[in-house]
Amino acid sequence: MNRSPGEPHLAQRVTAGISSAFAYTAVTTNGCKRPLTMSQQKSKAQHEQARMNYCRSCISEFQRLGYVDAFISEETSRKQSLLDHFNIQSGPKSD
């Protein structure tokens, strides 16, 4: 099957079509599909925005914790090098 370089594979086109079809339909109690109402679309958009905000805050927190871990590691290493330089025996960790 020949396709142009920018053209997606058939599976990608089908998946995209399915995703977009379900994004704008709701299933009723009897199993029939119908378009989402404006309030449902707005609610879905608000839910997606809240989910993205939560993900961003989690990523930010993980980055902050990573920086703290790196800082503690650097300080512990620096402390140990100073103790070694001045030939001081380190006792129990009091960090």
*Does the side chain to side chain contact (heavy atoms under 4.5 Å, CB included) test come out yes or no for Gln80 and Thr76, once each step is laid out?*
CA-CA 6 Å; Gln80 188 59 48; Thr76 302; 5.7 Å; no
Counterpart residues, side chain to side chain contact (heavy atoms under 4.5 Å, CB included), relative to [X] (two or more places apart):
{"X": "Phe86", "answer": "Leu82, Ile88"}
{"X": "Phe62", "answer": "Cys58"}
{"X": "Ser73", "answer": "none"}
{"X": "Cys55", "answer": "Arg51"}

Return the [atom1] to [atom2] distance between [X] and [Y], rounded to the nearest 0.5 Å.
{"X": "Asn53", "Y": "Glu48", "atom1": "CG", "atom2": "CD", "answer": "10.0 Å"}
{"X": "Arg78", "Y": "Phe71", "atom1": "CZ", "atom2": "CZ", "answer": "8.0 Å"}
{"X": "Gln41", "Y": "Ser39", "atom1": "CD", "atom2": "OG", "answer": "9.0 Å"}

*Backbone N or O of Thr37 within a donor-acceptor pair of the Gln40 side chain at under 3.5 Å?*
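Pair found, side chain donor or acceptor close to backbone of Thr37.
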*Identify, with sequence neighbours excluded, every residue that meets salt bridge (Lys or Arg N to Asp or Glu O under 4.0 Å) alongside Glu61.*
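Salt bridge (Lys or Arg N to Asp or Glu O under 4.0 Å) list for Glu61, sorted by chain: Arg64.
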*For Arg56, salt bridge (Lys or Arg N to Asp or Glu O under 4.0 Å) partners two or more places apart*: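 Result, salt bridge (Lys or Arg N to Asp or Glu O under 4.0 Å) vs Arg56: none returned.
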